[in-house]
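See below for the structure under consideration.
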Amino acid sequence: MARVEAPLAVAAMTAAVWLLVSALDQSGSASASGARGASGHFACSRPNRSKVACHFSTPSGNIRCLWTPSPNNVACELLASGRGYRLRPSGKAKAIKLTLRRRGETLPTNQQLVFPQSLSCHDTRTTMTCNQDFGLGFFKLARKGSRSA
């Protein structure tokens with residue numbers, strides 16, 4: 001029974017966070033509706049997504065990311081510079097070399113993705129920030145001002 005409940009809990013949490021972000025940032029939801037038809041789509045939320053890797057990117061496509069369930073981590077790369085980071089549920093983000101050839105699902109602007117073990121990512125049109133929800137590790141990828149901890 002727990003195998004069925006875990007994906008449902010992740011999907012419910014993702015939907016709740018998305019609704020909260022939409023309610024708090026009306027300008028973000030307005031811009032999300034113009035993001036090439038992606039406004040009604042919850043990236044990485046299909047059935048069994050807690051067991052399947054997920055590729056996703058910013059609406060501009062300049063940042064590509066991959067979440068993997070085993071080992072649980074999020075890795076993103078800024079295409080323009082080749083800069084990349086990997087974040088696990090504990091510890092600091094680590095600078096890595098990464099080449100993601102696949103763009104993956106386009107996130108609507110200002111959508112937050114919530115992954116198991118308290119990892120989450122939030123995008124704008126041109127930046128991606130991923131963090132440990134209950135830890136100190138994070139990274140932010142942007143053309144200017146990329147950083148990690």
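Keep in mind that this is a model prediction, so the values were computed, not measured.
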Quiz prompt | Shortest non-hydrogen separation from Gln132 to Gly91 and the atoms involved | solution = NE2-O, 2.6 Å
Quiz prompt | Residue pair Thr129 / Cys121, side-chain heavy-atom distance below 4.5 Å | solution = no
Practice problem: Calculate, to the nearest 0.5 Å, the distance between atoms NE2 and OG1 belonging to His55 and Thr68 respectively. | Solution: 9.5 Å
Quiz prompt | Heavy-atom donor-acceptor pair, Ser118 side chain to Phe134 backbone, under 3.5 Å | solution = no
Self-check item: Full working for side chain to side chain contact (heavy atoms under 4.5 Å, CB included) between Lys140 and Tyr85
Solution: CA-CA 9 Å; Lys140 178 179 181 179; Tyr85 292 104; over 6 Å; no
Quiz item: Can a donor-acceptor pair be found between the side chains of Asp123 and Thr58 at a distance below 3.5 Å?
Solution: no
Quiz item: Distance-only, no hydrogens or angles: does the Arg64 side chain make a donor-acceptor pair with backbone N or O of Arg101 under 3.5 Å?
Solution: yes
Self-check item: Sole candidate of Ser146, Ser148, Ser81, Cys130 that passes side chain to side chain contact (heavy atoms under 4.5 Å, CB included) when paired with Leu141
Solution: Ser146
Quiz item: Only one of Asn62, Ile96, Leu100, Ile63 clears side chain to side chain contact (heavy atoms under 4.5 Å, CB included) with Glu77; which?
Solution: Leu100
Quiz item: What's the spacing between Lys94 NZ and Arg86 CZ if we round to 0.5 Å?
Solution: 8.0 Å
Quiz item: If you measure from the SG of Cys65 to the SG of Cys76, is it under 2.5 Å?
Solution: yes
Quiz item: If you measure from NZ on Lys92 to CG on Leu136, what distance do you get to the nearest 0.5 Å?
Solution: 9.5 Å
Self-check item: Residue pair Thr127 / Ala142: nearest heavy atoms and the distance that separates them
Solution: CG2-CB, 3.5 Å
Exercise. Would you mind reporting whether Cys44 and Trp67 have side-chain heavy atoms less than 4.5 Å apart?
Key: no
Quiz item: Heavy-atom distance under 4.5 Å between the side chains of Phe115 and Val74, does that happen here?
Solution: yes
Self-check item: From CA spacing to verdict: side chain to side chain contact (heavy atoms under 4.5 Å, CB included), Thr106, Phe56
Solution: CA-CA 6 Å; Thr106 300; Phe56 56 98; over 6 Å; no
Quiz item: Which distance, rounded to the nearest 0.5 Å, do you find between the CZ of Arg83 and the NZ of Lys97?
Solution: 9.5 Å
Self-check item: Distance-only donor-acceptor check, side chains Arg103 and Ser57, under 3.5 Å
Solution: yes
Quiz item: Same cluster for Leu66 and Leu87 if Ile/Leu/Val/Met/Phe/Trp/Tyr side chains link at under 4.5 Å?
Solution: no
Exercise. Indicate if Leu107 and Leu78 have the same hydrophobic cluster label, given that clusters are the connected sets of ILVMFWY residues with side-chain heavy-atom separations under 4.5 angstrom.
Key: yes
Quiz item: If every non-hydrogen atom of Leu119 is compared with every non-hydrogen atom of Arg88, which pair is closest and at what distance?
Solution: CD2-O, 3.6 Å
Quiz item: If only atom types and distance count, is the side chain of Asn72 paired as donor or acceptor with the main-chain N or O of Pro116 below 3.5 Å?
Solution: yes
Quiz item: Are Phe138 and Val114 connected, step by step, through hydrophobic side chains (Ile, Leu, Val, Met, Phe, Trp, Tyr) whose heavy atoms are closer than 4.5 Å?
Solution: no
